[in-house]
Amino acid sequence: MQFAIWALAATAILPAVQSHFTFVRIAVNGVWEEPGRYFRNKTAPFIEPATVDEGYIGYYHNPTYPQHLPNSVRCGRDSFAHAAETEVLTVRAGDTLELAHTRIPPVDWKDNQWYNCPEGRGSCDPDGTQYASPYMDFAHPGPVVAHLSQVPGGLDVRDYDGSGEWVKIYTLGYGFYNNNPDRIIFLAHNYTGIPGRIIFDIPSQTPAGEYLLRIDLIWAYPYYDQPVKGGYTQIYPSCVQVRVENSIQGSLPAGGIKIPEDLCQNCTGMRTGVGMYSGQGEPDDDYAYPGGLQWDGEKMFEVKPPVPPSRG
Ligand SMILES: *[C@@H]1O[C@H](CO)[C@@H](O)[C@H](O)[C@H]1NC(C)=O
Ligand SMILES: *[C@@H]1O[C@H](CO)[C@@H](O)[C@H](O)[C@H]1NC(C)=O
Ligand SMILES: *[C@@H]1O[C@H](CO)[C@@H](O)[C@H](O)[C@H]1NC(C)=O
Ligand SMILES: [Cu+2]
């Protein structure tokens, strides 16, 4: 009983931290932009209409599911409604980006969650209840993937719904904990409360133009459960509206994916065995990362999961 009273008191004092999260901040060449700036916002709460999940009420940090509206799966819940009010970030091809997330609802955002975070990170939770406070942990294990979708000729990124192709440019996958082949560790989640950092370059061959840059962490639902509405794989998409400067003109390579079609409930990497679902068991033998082929500026290739260490 004493514990219950203490827990209630703690809830009243500490800021509310949701179990889910949203990517909301970007750094270009090590310099963090303001949280939320250049990201298409989400509508919250939002009720997904006319889908297999009709009536699902999504609050700000709640996951999106593959069966939600195309626009929600592409860039976050009802995000296209916010495209026109979102600024466009100018970058140069070859620039280094970093993305950061928060579990704290926008109404509770405070400067000390964004500035002076450890190791120059873009988000943290110094007053929080996270188990590795001040670090801002990830609620779920899974791969982080980033994609670019080029805005079709003549359109402004603020008018682009993301219905074209998406080319993967980054995957942060898993490794093996302590060289144990039966114990994976997703590098973003890290299973310690100290998350891995999400840092990658815009390929230097990216043609000049406007793009949606999409970042997502995908928590794949296990095969063995057949959920009522066909799959509870959780996705956490956010999009940054960017203008890429380069002397190179043209298009991204063919062979990207379509969203939501290729991030469907049963698509590659979207369902796994329980070891990968828990993020600390053995990997599936036939696992492939979601999101299609990756482009390094020269070729499209498959990012292969690591080879398990041999049993000692
Ligand atoms: C984004 O939406 C949330 C509510 O869903 C709101 O609290 C927040 O202020 C919005 N952010 C911006 C930058 O408009
Ligand atoms: C993962 O967690 C370990 C143990 O807390 C920590 O030493 C390491 O720095 C973390 N990895 C990253 C990429 O932060
Ligand atoms: C999804 O994939 C699994 C494993 O390959 C298969 O058993 C199942 O029938 C598929 N479900 C649907 C709805 O396609
Ligand atoms: Cu969650």
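Here the structure is a predicted model, which means the values were calculated and not measured. As a basis for the values below, the full set of heavy atoms in this structure was taken, side chains included, without hydrogen atoms, waters or symmetry mates. Counting starts at 1 for both ligands and their atoms, in listed order.
The shortest contact between atom 4 (C) of ligand 2 and any protein heavy atom is with T192 CG2, 3.7 Å.
A donor and an acceptor atom, one from each side chain of D127 and N112, are located under 3.5 Å apart. Between R40 and Q241, the side chains place a donor N or O and an acceptor N or O closer than 3.5 Å (distance only, hydrogens not considered). Under 3.5 Å, the side chains of H101 and T22 contain no donor-acceptor pair of N or O atoms. Residues T272 and D284 bring no donor and acceptor atom of their side chains to less than 3.5 Å of each other.
Here N62 fails the criterion, with no N, O or S atom under 2.8 Å of the Cu ion (ligand 4).
When atom types are taken as modelled, the side chain of H189 and the backbone of F186 share no donor-acceptor pair closer than 3.5 angstrom.
Contacts of R37 with ligand 1, taken as heavy-atom pairs under 4.0 Å, are absent altogether. The backbone and the side chain of I194 each have at least one atom closer than 4.0 Å to an atom of ligand 2 (non-hydrogen atoms only). Residue R121 touches ligand 2 through its side chain alone, judged by heavy-atom distances below 4.0 Å.
Distances from atom 2 (O) of ligand 2 to the protein include at least one heavy-atom value under 4.0 Å. Distance screen at 4.0 Å: atom 11 (N) of ligand 2 has a protein heavy-atom neighbour inside the cut-off.
For ligand 2, the atoms lying closer than 4.0 Å to a non-hydrogen atom of N190 are 1 (C), 2 (O), 3 (C), 8 (C), 10 (C), 11 (N), 12 (C). Interface of P195 with ligand 2, defined as ligand atoms under 4.0 Å from a residue heavy atom, comprises 14 (O). Under a 4.0 Å criterion applied to the non-hydrogen atoms of K42, ligand 1 contributes the atoms 2 (O), 5 (O). The G196 neighbourhood of ligand 2 comprises atoms 13 (C), with distances under 4.0 Å to a heavy atom of that residue. Set against the non-hydrogen atoms of P106, the atoms of ligand 1 under 4.0 Å away are 7 (O). Every atom of ligand 1 is numbered from 1 in the order shown, and the set under 4.0 Å from a heavy atom of A44 is 5 (O). Numbered from 1 in the order shown, with element, the atoms of ligand 1 that lie under 4.0 Å from a heavy atom of Y60 read 5 (O).
Between atom CG of residue D78 and atom OG1 of residue T43 there is a gap of 3.5 Å, rounded to the nearest 0.5 Å.
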Q: Output, in order, the C-alpha distance, side-chain angles, deciding distance and verdict of ring-ring contact (aromatic ring centres under 6.0 Å, His included) for Y177 and Y191.
A: CA-CA 10 Å; Y177 183 77; Y191 242 95; 8.8 Å; no
(Q) The test is ring-ring contact (aromatic ring centres under 6.0 Å, His included); show your working for F21 and Y236 and say whether it passes. (A) CA-CA 7 Å; F21 60 92; Y236 291 89; 4.1 Å; yes
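Distances from the Cu ion (ligand 4) to the N/O/S atoms of H20 are shortest for ND1.
In this structure, Y287 has its ring center closer than 6.0 angstrom to the ring center of Y289.
Aromatic ring orientation, H20 versus H140: tilted (interplanar angle from 30° to 60°).
Across all their heavy atoms, I104 and W109 have their closest contact at O-NE1, 2.7 Å.
Seen from the Cu ion (ligand 4), atom NE2 on H140 and atom OH on Y236 lie at an angle near 100° (rounded to 10 degrees).
Considering backbone and side-chain N/O atoms, N41 comes within less than 3.5 Å of an N/O atom of ligand 1.
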